[in-house]
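Numbering of residues begins at 1 and proceeds along the displayed sequence.
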Amino acid sequence: MKNRLLGIHMIVQNEERHLPRCLDSLKHISTECFITDTGSSDRTPEIARTYGATVLHACWEDDFAHARNISLPLASTEWVLCLDADEYVTQGLEELLNYLTKVHKSITRLRITIENRYGEGVEESVISQPVRLFRAHQGYRYKGRIHEQLVHSSPSRLGQDEAIDMNKSETYTDEQNQLIETEPLAPLCLVHDGYLASTIVQEHKPRRNLKLIERELADEPAQPFHLYNLGVTYCQLGEVEKAIEAFSESLHLTELLAPYRPTLVRDYAKTLVGSEHYDEAHAILAVERQRYPSYADLHLLYGETLELQGLEERAYQSYARATDCREGIDRVGHSDGGSTLDASYVTEAGSNSYRAYTAMARLAQKRGFYKESAHLYGLALDSMFTYAPAWAGLADVLQQSGETDENIAETLLSRSRGIGESDHGDLFRGEMPHSYAVTNEDHLVQMIHVLTGCGAYEQALKMLDADACTARIHVADQIHWMLCANRVFEALQLAEEHWSVGCVHEVNLLAEHRMDWALACWANGLRLSEAFLATTLPQEKNVWKVMDRLLDQLSKEPRSMEPASQEQKLIQWGPQAEMVAEKVVQQAVKTGQLTLAEQLHELRAMMMCDHWGTTLTRRRKFASLLYRHGYTMVAANILIQCMTESELDAEGLFWLGETLYAKGHNDQALSLFEQALEREPDMWQARVGSAVCYMRLAMEAIRQELVRSPSSGVLAAQHNALEQRLRTTEGMPWRTLFHAKERRNQLASGTNFPMHDREG
C-alpha cells in the first residue's frame with residue numbers, strides 16, 4: 001500500500017541512462033510517483049512504468065515550470081518532493097518519512113541537501129540546500145522557463161479554509177520574486193551529477209539553457225536572477241568575459257535580501273579570480289565577505305585573491321577565517337531594519353575545512369614553517385582522508401624539511417592507519433617502526449602513489465616489492481617508476497613480459513607507455529624489438545625505426561654521424577614525426593634519463609633539420625626543458641655557454657637570473673632580469689624579480705649604514721618599510737614553482753646524472 005505522506009514528482013526527456021538509478025534509490029519505500037515525459041524518443045516512459053510510476057505525456061514548450069506544474073494538481077499525498085532524473089538519494093529517506101509526520105502544520109516548505117558533483121573526485125562537489133519539499137494543494141507552483149522557482153499565489157486567491165490555515169507570520173513573495181523566508185532542513189540527501197563536464201558535452205545542456213534564458217530576458221529585460229543564470233551558462237560554455245559582464249550587471253541590480261545573492265557573489269568572484277581579474281575580485285570580496293561573514297567560500301576566495309596579489313599574511317588570515325565558518329547554515333545579520341536572514345549557502349565541499357587547511361599549509365611551507373605546514377596538512381586529512389592535494393602537500397613538506405624517503409613513507413603510512421594523528425610533532429622525529437604492514441590494502445596503494453608523486457620512486461618500489469598489492473598497481477606505472485629510479489633492466493623485463501608479442505590488444509598502448517618501453521630498451525643499450533614495433537601505430541612506425549637506427553649509430557660512432565639520409569628527409573615533414581620526437585625527449589627528461597634525452601634531442605634536430613633553426617636555438621630549447629623539470633644547474637650551465645656564444649632570449653635570461661637570485665647574488669640577478677625586460681617588456685615575472693632585487697640591495701645598503709649609525713630612527717624606519725614591501729612583492733607568484741620531484745634534481749651537475757632518491 002502506497003503511503004499518503006510523500007509523493008515524488010519529476011519531469012523527464014530521454015533519461016533512460018539516469019532514470020533507473022534515481023528510481024532505484026527510492027524503490028524501498030512505497031510512494032506515489034508522477035513522471036511527466038516531455039517527448040522522449042528512448043525507453044524512458046517504459047522504464048518509469050516498470051517502477052510503478054504514473055507517466056504523463058506533455059509537449060515540450062521550452063518551459064520547465066510549465067512541465068513541472070502539470071503533475072502538481074494530481075498529488076494525493078500530503079507532501080510533494082520534486083526530483084530530476086540525474087539525481088539520486090544517498091541517505092535520509094527513511095528518516096524523512098518519520099520527520100514529515102512531526103512537521104508543524106504552519107511549515108509548508110522544507111529544504112534538502114544536494115551534493116552537486118562537478119568532477120569525479122569525492123571532494124569535487126558543491127553543496128546546496130534548496131527547497132524541494134512542499135505541502136500539496138497549498139497554492140505552490142513553479143514559475144520560469146529555466147531555473148524554475150517555487151512561488152506562492154497570493155493568500156487572497158486561495159479558498160477561505162486554506163487562507164485561515166496559513167501562518168499569519170509567514171512571509172510570501174509575489175510571482176516576480178523568489179521566496180526569501182528560511183525553511184527547515186529535512187534529513188534527505190541527494191547527489192546530482194548531471195553537470196559533470198563529460199555529461200554537459202554529451203547533452204548540450206548549456207546551449208539549451210542559453211536559449212531559454214535569452215527568452216526570459218526578452219520578456220523581462222535586466223531581470224537580475226535571469227542575468228545571474230546567464231552568467232553561469234556562459235561559464236559552462238567557456239565564454240568567461242560574457243559571464244563576468246552578466247554577473248556584474250546582475251549584482252548591480254540584485255536586492256540585498258535576494259536568496260541567491262550570496263551564491264551570485266561567490267560565482268562572480270570565482271570567475272574573476274579564475275580569469276586573473278584580481279583587483280576586481282579583491283574589491284568585491286572585501287565588501288561582501290563582511291556582509292556574509294559565515295560564508296566560507298568567500299573567505300577562501302578572498303584568501304586566494306590576496307595570495308595571488310602577494311599579500312600572504314592577510315591571505316593566511318582569510319583562509320583561517322574560512323575554517324571558523326559553520327558548514328551550510330548560518331544566521332546572517334542585515335542592517336536594514338534589524339532583520340535577520342537564515343542563509344543556506346551554496347558552498348564547495350571542504351571550503352571551511354580541508355581546502356582551507358591545505359591553503360594555509362601551502363603558505364606556511366612557502367614561508368619555511370615546515371612543522372606548522374605538516375600539522376595543517378594533517379588537519380586537512382582529518383577532515384577528508386582522501387583529499388589528494390593534502391597528501392601530496394604533506395609528502396612534499398616532509399621532503400623539503402630534510403626527512404629521508406624511508407621516514408616520509410613511515411609517516412604517510414602511520415597517518416593512513418590513524419597512528420599519531422593526535423600528536424603531529426611525531427612527523428619530524430623519525431622514530432616510526434620500520435614496518436609496512438597495514439590493514440587496508442587501499443591505503444597502501446594510495447601511499448605508494450603519494451610517494452611517487454613526490455619523487456620517492458625507490459622507496460615506493462620497495463614497498464611494492466614487500467607487499468602483495470602489485471596487482472593493484474598498473475604495470476605501466478611500475479615500469480615508469482623503475483625508469484625514474486634508474487632500474488632500467490627491471491623496467492625492460494616488465495615491459496617485454498606484459499607488452500610483447502601475443503598481446504595484440506596492446507597496439508592501443510598509450511603514447512606515454514610506449515615511450516617508456518622504448519626508453520627502457522635504449523637505456524639498456526638495446527635496439528627496439530620487433531615486439532615493440534608491432535605495437536606502434538602505422539603512421540609512427542617509420543619514425544621509431546629512424547630514431548632507433550640513428551641512436552644506435554650515435555652510440556657506436558658518436559663523431560661520424562652523417563647528414564640526414566633520404567629516408568630521414570622523407571619523414572621530416574610529417575607532423576606525426578615531429579610530435580613523436582618531441583614527446584620522447586620530454587619523457588626521457590621526465591624519467592631522469594638525461595644522457596638519452598640529450599642524444600634524442602640532437603637526433604630530433606637532425607630529423608627536423610629544415611625547421612629547427614641554429615644549434616644555439618636547439619640548446620636553449622633543451623635547457624628550457626631541463627629547467628622546467630628542476631635540473632636548474634644543468635640548464636644554467638647550458639644557458640651560460642649559450643650566452644658566451646650569442647644572445648639569450650628573455651626566458652633564458654630570466655631563468656639564469658632566478659638561479660642566481662636563489663643563491664643570493666642579487667646584483668647579478670638584477671642585471672639578467674633587466675636584460676630579459678629589454679627583450680620582452682611585458683614579462684611581468686622579470687619585472688617583479690627586478691623589483692625584489694632592488695629592494696634587497698637597498699636593504700643591504702641601509703643595514704650597512706645602520707652599522708655606522710645604529711641610533712638612526714629614520715634608517716630603521718626605512719628598513720622596516722622596505723622589508724614589508726619586499727614581503728608583499730616576494731609573495732607574488734613570480735618564481736618558478738618546484739615541488740619535491742623537481743627539487744631532487746636541482747643539484748644535478750651533468751647530463752650523466754640519473755635521477756635518484758635522496759636519503760637525507
Side-chain angles (χ1 to χ4, degrees), residues 273 276-279 282 304-316 362-368 400 619-644 646-704 718-739 742-743 745-748:
V273 173
E276 300 182 358
H277 291 63
Y278 303 134
D279 291 342
H282 187 140
E304 185 178 347
T305 303
L306 292 168
E307 183 178 352
L308 290 166
Q309 292 178 314
L311 304 171
E312 292 182 339
E313 292 179 4
R314 291 174 59 191
Y316 187 95
R362 184 182 63 248
L363 285 179
Q365 181 180 359
K366 186 176 178 182
R367 290 293 184 89
Q400 191 171 18
R619 287 164 64 189
R620 283 200 297 266
K621 288 183 178 180
F622 188 55
S624 170
L625 180 60
L626 291 170
Y627 195 92
R628 293 180 189 279
H629 282 83
Y631 294 100
T632 54
M633 295 308 299
V634 181
N637 287 335
I638 296 174
L639 292 171
I640 290 170
Q641 291 172 10
C642 291
M643 278 189 73
T644 61
S646 180
E647 291 186 345
L648 274 182
D649 59 1
E651 184 181 63
L653 288 165
F654 173 78
W655 281 336
L656 271 181
E658 188 178 38
T659 303
L660 288 168
Y661 176 78
K663 292 182 172 296
H665 303 305
N666 298 312
D667 50 350
Q668 298 174 36
L670 173 60
S671 174
L672 289 164
F673 290 146
E674 289 183 331
Q675 290 179 58
L677 285 171
E678 288 175 5
R679 288 162 178 73
E680 194 174 319
D682 293 333
M683 191 177 195
W684 70 270
Q685 296 94 332
R687 192 169 301 281
V688 176
S690 297
V692 167
C693 289
Y694 274 121
M695 283 187 276
R696 287 200 176 276
L697 290 170
M699 287 174 63
E700 180 59 33
I702 292 175
R703 278 194 292 269
Q704 292 175 5
Q718 289 177 338
H719 186 276
N720 291 337
L722 270 175
E723 191 172 37
Q724 181 60 43
R725 291 176 184 172
L726 176 63
R727 189 177 296 118
T728 298
T729 309
E730 266 282 34
M732 298 177 69
W734 67 279
R735 297 181 66 180
T736 306
L737 184 62
F738 293 120
H739 293 295
E742 295 85 23
R743 284 196 298 268
N745 302 330
Q746 289 182 339
L747 298 179

query = Does the side chain of Glu674 come within less than 4.5 Å of Arg687's, by heavy atoms?
reply = no
query = Do Met695 and Thr729 touch side chain to side chain, with heavy atoms closer than 4.5 Å?
reply = yes
task = Indicate yes or no: at least one non-hydrogen side-chain atom of Gln668 is less than 4.5 angstrom from one of Tyr661.
result = no
query = Between Phe673 and Trp734, how do the two ring planes meet: parallel, tilted or perpendicular, split at 30° and 60°?
reply = perpendicular
ask   = Do side-chain atoms of Asn745 reach the backbone of His629 as a donor and acceptor pair under 3.5 angstrom?
value = yes
query = What is the distance from atom CG of Leu660 to atom OG of Ser671, rounded to the nearest 0.5 Å?
reply = 9.5 Å
request  = Nearest 0.5 Å please: distance from the SG atom of Cys693 over to the CG atom of Asp667.
outcome  = 8.5 Å
ask   = Counting heavy atoms not belonging to Tyr278, are there more than 12 under 6.0 Å from its OH?
value = yes
inquiry  = Going by side-chain contact (heavy atoms from CB on, under 4.5 Å), name the residues that satisfy it together with Arg703, two or more places apart in sequence or in a different chain.
reply    = Met699, Glu700, His719
ask   = Closest approach of Met643 and Leu648, non-hydrogen atoms and distance?
value = CG-CD1, 3.2 Å
key: Rounded distance (nearest 0.5 Å) linking atom CG of Asn666 with atom OH of Tyr694   = 12.5 Å
inquiry  = Under a 3.5 Å distance rule, please check whether Arg679 uses its side chain to pair with a backbone N or O of Gln675 as donor and acceptor.
reply    = yes
ask   = What are the two closest heavy atoms between Leu677 and Ser690, and how far apart are they?
value = CD1-OG, 3.8 Å
query = Quick check: does any side chain N or O of Arg743 sit under 3.5 Å from a backbone N or O of Phe738, one acting as donor and the other as acceptor?
reply = yes
key: Thr736 and its side-chain hydrogen bond (donor to acceptor under 3.5 Å, both in side chains) partner, picked from Gln685, Glu742, Glu658   = Glu658
ask   = Are Arg620 and Glu651 close enough for a salt bridge, meaning some N to O gap below 4.0 Å?
value = no
task = Could you note down all residue pairs passing salt bridge (charged side-chain N to carboxylate O under 4.0 Å, His left out) where residues 718-728 supplies at least one of them, sequence neighbours left out?
result = Glu313-Arg727
request  = Say whether, by atom type as modelled, one donor and one acceptor occur between the side chain of Lys366 and the main chain of Glu312 under 3.5 angstrom.
outcome  = no
query = To the nearest 0.5 Å, what is the distance between CG (Leu672) and CG (Leu656)?
reply = 6.0 Å
remark   = What one should report as the nearest heavy-atom pair of Arg619 and Ile638 is O-CG2, 3.7 Å
Modelled atom types, side-chain donor and acceptor of Tyr316 and Arg367, under 3.5 Å = no
Side chains of Thr659 and Tyr627 in contact at under 4.5 Å (non-hydrogen atoms) = yes
key: Side chain His277, main chain Val273, donor-acceptor under 3.5 Å   = no
task = Search all heavy atoms of Pro733 against all heavy atoms of Leu308 and return the closest pair with its distance.
result = CD-O, 3.6 Å
remark   = When every non-hydrogen atom of Gln746 is compared with those of Met633, the smallest separation belongs to O-CG, 3.2 Å
remark   = Separation between CH2 (Trp655) and CG (Leu639), nearest 0.5 Å, reads 8.0 Å
ask   = With distance as the sole test, does Thr644 use its side chain to make a donor-acceptor pair with the main-chain N or O of Gln641 at under 3.5 Å?
value = yes
